[in-house]
Novice: 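Once you've had a glance at the structure underneath, I'll fire off some questions.
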Amino acid sequence: MKYFIQTHGHEYEVEITPDGITLNGQKVQMDWAPVGKTRHSLLVDHHSYEAVARESQTGYQIIIAGKPFSVEIEDERQRKLNRGRSQLLPTSGKLNVTAPIPGLIVKVLVDPGDEVVADQPLAILEAMKMENEIRAPRPGTVSEVHAVAGENINQGKPICTLE
Amino acid sequence: MKYFIQTHGHEYEVEITPDGITLNGQKVQMDWAPVGKTRHSLLVDHHSYEAVARESQTGYQIIIAGKPFSVEIEDERQRKLNRGRSQLLPTSGKLNVTAPIPGLIVKVLVDPGDEVVADQPLAILEAMKMENEIRAPRPGTVSEVHAVAGENINQGKPICTLE
Amino acid sequence: MFKKVLVANRGEIAIRVLRACEERGLQTVAVYSDADRTALHVRYADEAYHIGPAPSRESYLRIDRIIEVAKQAGVDAIHPGYGFLAENADFAQACVDAGLIFIGPPPEAIRLMGNKVAARKTMIAAGVPVVPGTEEGLADEEALRRAEEIGYPLLIKAAAGGGGKGMRAVHSAEEMRSALAAARREAMGAFGDDTIYLEKLLRNARHVEIQILADQHGHVIYLGERECSIQRRHQKLVEEAPSVAVTPELRARMGATAVAAAQATGYTNAGTVEFLLDKDKNFYFLEMNTRLQVEHPVTEMVTGIDIVKEQLAIANGRPLRYKQEDIRIQGWAIECRITAEDPYSHFLPSSGKIIALKEPTGPGVRVESSLYSGMEVSLYYDPMVAKVIVWGETRAQAILRMRRALSEYQIAGIQSSIPLHIQIMESSQFMWGTLDTTFLEERFHPEDTPLPPEYEEAAVLLAAVLAHERGRQNAVLQRPQKRESSLWRWAGRGGRWSL
Amino acid sequence: MFKKVLVANRGEIAIRVLRACEERGLQTVAVYSDADRTALHVRYADEAYHIGPAPSRESYLRIDRIIEVAKQAGVDAIHPGYGFLAENADFAQACVDAGLIFIGPPPEAIRLMGNKVAARKTMIAAGVPVVPGTEEGLADEEALRRAEEIGYPLLIKAAAGGGGKGMRAVHSAEEMRSALAAARREAMGAFGDDTIYLEKLLRNARHVEIQILADQHGHVIYLGERECSIQRRHQKLVEEAPSVAVTPELRARMGATAVAAAQATGYTNAGTVEFLLDKDKNFYFLEMNTRLQVEHPVTEMVTGIDIVKEQLAIANGRPLRYKQEDIRIQGWAIECRITAEDPYSHFLPSSGKIIALKEPTGPGVRVESSLYSGMEVSLYYDPMVAKVIVWGETRAQAILRMRRALSEYQIAGIQSSIPLHIQIMESSQFMWGTLDTTFLEERFHPEDTPLPPEYEEAAVLLAAVLAHERGRQNAVLQRPQKRESSLWRWAGRGGRWSL
């Protein structure tokens, strides 16, 4: 089976067959031993790595030597399915910007109709006694503002909508 | 429900009802919070204890502040059943002395027909590079010897039989 | 001699204090909110009492409930830790009024130092140099006018403040209005008081503070300095002792100044005098923290003195066991504050259940932590969940040891600041020690430290293997036959899992 | 300057050495048997190589395999740890022959000190006092005759010995024959050699040893003593530094003697000279351990010197960084060896899976451990699985801290020696420091330390609650209705589990 993997902007192709495992076409010698549910010991060409892994929506969250990797993975079958769907991904359509954690909306910094650039602060959310800026994940126009200052907002609730 | 509990030679009676919990007839205020599968936080009349507990054949193995307690427990129903059976316990009948850990029988110290007292060494078992004495759990006469010197013995296998 | 102590706090500092009490043979009492029933401090103490719902206003800040528990449990003394009620003069007074020993300075000293204007005046009178600035309680228009006199850049600070809350740096007149609004809003939220004042912002200055100990018999000593310039949003992230910028001569001068500051306020117990130290080795009084500090362990590691145990002895009325000349600084210590925040996502607080945990240990490593496997990290309290402290014979050895310790630290289930700390320890600027309070935000660029590609490849391979195994298991579940043997199974006497 | 080190060991000492290498910026290579694929040392090292099946004869004692891996991995140096091949002169020679640096003394010094008779002669020639005894290789009849000359009590010792294996104390002529047989049997099993010798048993003597460091340039220093009198079956259980029995004057004399012993053998690297110290402060050479010792951390804690890092520096040809007068003993350190043995059941080795683990930490506590949650503790290797080391300003503070640390240590799944250590720390005899090598077996009575009744009551209540909950769950499973709400459920805003 072939796997297509992305992390930190790099792409990899891994193939696993009963004969062995290749990384970008190069054969690697690999020894995998799980330690409990979330911890793994890997020996890759004798190099030892200890990793903690959890499943995420699109792959795995992996920590090695204190460094986190968000790894997205598709197998051949999934890749075909996803290619078909990719037009539907909201890279330019409507996008709800949601509260990443529960907290208090201290201030909303945009109004409907505002043009925003990627990473521009949209609102200030107070949690754990600190103010946190909620930023735009991509450029767009604010079509709706759902949150108001002083509101206690739950995780995942929309703050505003970009178009 | 009433529970009859033994540990370190002391006997206790605990009663649990929807109204509360009593220890030897005395009401106690108790707050129990499990922490994971084996760890427990107890507040007994505000006194805080952290315990690690595992089930054993006859009750629980509990460690509090590094100190181990083998706790045997029966509820009312079990107590009645066990009372009926108690004549059958091998306090004086045949008793197999078994290897508590796997190892090498270095020497057998008794022969059939020997009278032994409680705690008398019966055999020497080598494990982890050290010699360990296997002692008689109660007095009796050695009726059979099953193990021979030089034998690798599995855990639970009989070394000799007392009558 | 008191026998039973209540610790009016939670988290790592509660455990720190409980351990010191236990090692002194004292009985201990913990208090807890709904969110903390299974917290380590509750499980650690001899006794524990519930004091209210999760929000700290309804539990850890409830002076009445805590005093009530203290009476019910029959304690002799209360240790406030840091944060919560530690610098609340009313709480210290309430303890005294209830006949309890408050393990900290007298209420008057807390009140005096908590009032920034009064503290400033007292320091000036005692000959302690202070940063140019204004009194408290400026209206916005007045603040704008005074800002022109002081000159930019400057700091807006909350009068009731501490911990960087309600503080804003302002670099030009244009930013002033929005910064004032933000500072007041944050101060009101954190302290219920939006009074502010202004202070000149010293460029390229270091935050260097002096730990002092003062007994009830008029003896005051200093335990050397701590360098705390690695800050983000005025929150310290990394601290060390000693400071590369402090010579023995400067240490003696700063130490003597800190002792004078303490004596001028009738101070007793442990305290910290914070200074800004500029490039020309001029130092200015910032504020005095009238309590134990988060970073006290680095001083303990280089002096061998247990500050919390000294707090207990002082509160008991004992004279100091040390003279100034007994204090020797040996080696180097560094602390990293581990917070439940995502350094890759604008430091958003992170909550969740700890599903795997391995804390570092071994030579020269100390961990002060509130974490346990299975813990729910909530958003109710401060995001600092643990501290790693290391000692080394030299600063270089301490940095290498900290890298080692951080790479051993595994926390799964929440995001943490560990990756940021690793990058700081690997940055050449930090290694050279050319620090100031703007280092982290202005001159430290985590993206300059690339992740080693082999780690990335290992992560990629692990992901492939896990996905493959999951796919195989699903396939097996769909077929109604005996579970097929895994490719990865124990491979006989070679005893290795391998393809 | 070497760059890559292979650690030819397992368990806590492999991790200890790996950490030191990592902190020196060296690349590291681990080796492992079938039983150790997921052991901490394998996960800790940069690289890991499989060397054979679980029994150590087929893996960790395979000189050929280890040298082969060293070549394959391209290492420059090998650290042997303690045990296994650490005192095997052939292994040290094989390293040298393969062009590898052996991080330890020269093979000749190992060989000389490994031969008890030669060592004795060398010591006598160097003016080092020795315990009265015989040469090696006595036949039983000769041993019986010589025993009469030396007088009882005496010790039978294995010539190839170490770690108390093949050692027997004999108190009268009647016991002699069976003790000889037992000692030979154990020696043959452990070392493949049943050669024995006799030594006078000094009554009420302490085991006190001197740590030395010797560079390749003729400098030898001592780092003070360790008291190791708490032993069971000649295995050390508790060690401390300094010793209550050693005055500065005696320390200087014993230190100078240890230095003379090292110089007489051309010794380099770290080593330990073991002495018996009698009540009249006479000391006698016992043996020299030509390697790092289990208990080295207590010396590190009181001197601030990292012995393993010094081993690396010495092996690299560096001159010692310290002169004798630089060595200061500060405070007190104690180590407890945590073994997988059941102290309540004749110290039977205990194996099993670690199902819950919490190791102590906080101020002054260091843990060196091979344990992890999910680990299978096997019977293949030494039962010592971890060490707890504490530092305190005084011996009393160190003891109190050790009690605190031990009570924090939770290991579930195997039996451990922790309860015994707690009882030792609580015994008044230990607190007074009136120790000798018979303390534990003859004068320490664990049953004299009653368990606090409230712990027993808490255990009883927990058992009742667990049995009750289990009964309720079973009852619910049998009835086909909705799971009834537990009596113990979250009780609303009070947020407590309670009846």
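In this text the structure is predicted, and so the values were computed from the model without any measurement. In what follows, chains are A, B, ... by sequence order, proteins preceding strands, each numbered from 1.
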Novice: Using non-hydrogen atoms only, which part of A:Thr7 is less than 4.5 Å away from chain C: side chain, backbone, both, or neither?
Specialist: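 For A:Thr7, backbone and side chain are both near chain C.
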Novice: How long is the straight-line distance from CG of C:Leu379 back to CD1 of A:Ile101, given to the nearest 0.5 Å?
Specialist: 5.5 Å
Novice: Quick one: pull up CG in C:Leu462 and CG in A:Leu42 and give me the separation to the nearest 0.5 Å.
Specialist: 5.0 Å
Novice: Please find the pair of heavy atoms, one from A:Tyr60 and one from C:Ala463, that lie closest to each other, and give the distance.
Specialist: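 Answer, listing the atom of A:Tyr60 first, then C:Ala463: CE1-O, 3.7 Å.
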Novice: If I compare all heavy atoms of A:Val14 with all of C:Ala464, which pair ends up nearest, and what's the gap?
Specialist: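 In this case the closest contact between A:Val14 and C:Ala464 is CG1-CB, 3.5 Å.
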Novice: Looking at side-chain heavy atoms only, is the closest gap between A:Met30 and C:Val465 below 4.5 Å?
Specialist: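 Touching, per the 4.5 Å side-chain cut-off.
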Novice: Does one side chain, of C:Glu454 or A:Tyr49, offer a donor that lies under 3.5 Å from an acceptor on the other?
Specialist: no
Novice: Can you tell me which of A:Ile63, A:Val44, A:Leu23 forms the most heavy-atom pairs within a distance under 4.5 Å of chain C?
Specialist: A:Leu23
Novice: Can you tell if the side chain of C:Ile422 reaches within under 4.5 Å of the side chain of A:Lys67, non-hydrogen atoms only?
Specialist: yes
Novice: Do C:Leu466 and A:His40 come within less than 4.5 Å of each other through their side chains, counting heavy atoms only?
Specialist: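 Of all side-chain heavy-atom pairs linking A:His40 with C:Leu466, at least one is under 4.5 Å.
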Novice: Which pair of non-hydrogen atoms, one from A:Ile62 and one from C:Ala459, has the smallest distance, and what is that distance?
Specialist: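 Heavy atoms of A:Ile62 and C:Ala459 come nearest at CD1-O, 3.3 Å.
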Novice: Between C:Arg185 and A:Glu126, is there a side-chain N and carboxylate O pair less than 4.0 Å apart?
Specialist: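 Answer for the salt bridge query: no.
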Novice: Tell me, for A:Ile124 versus chain C, whether the close heavy atoms (under 4.5 Å) come from the side chain, the backbone, both or neither.
Specialist: side chain
Novice: When rounded to the nearest 0.5 angstrom, what is the spacing between CZ in A:Arg39 and CG in C:Leu357?
Specialist: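 If I round to the nearest 0.5 Å, the distance is 7.5 Å.
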Novice: Give the member of C:Ile411, C:Ile355, C:Leu461 that has the highest number of heavy-atom pairs under 4.5 Å with chain A.
Specialist: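 Ranked by heavy-atom pairs under 4.5 Å with chain A, first place is C:Leu461.
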Novice: If you count heavy-atom pairs within less than 4.5 Å of chain C, which of A:Gln6, A:His8, A:Glu15, A:Gln61 leads?
Specialist: A:His8
Novice: So which residue, A:Met1, A:Lys37, A:Arg54, ends up with the most heavy-atom pairs under 4.5 Å with chain C?
Specialist: A:Arg54
Novice: To the nearest 0.5 angstrom, please state how far the NE2 atom of C:His468 sits from the CD1 atom of A:Ile21.
Specialist: 8.5 Å
Novice: With rounding to the nearest 0.5 angstrom, report the OH to CD distance, A:Tyr12 to C:Glu456.
Specialist: 3.5 Å
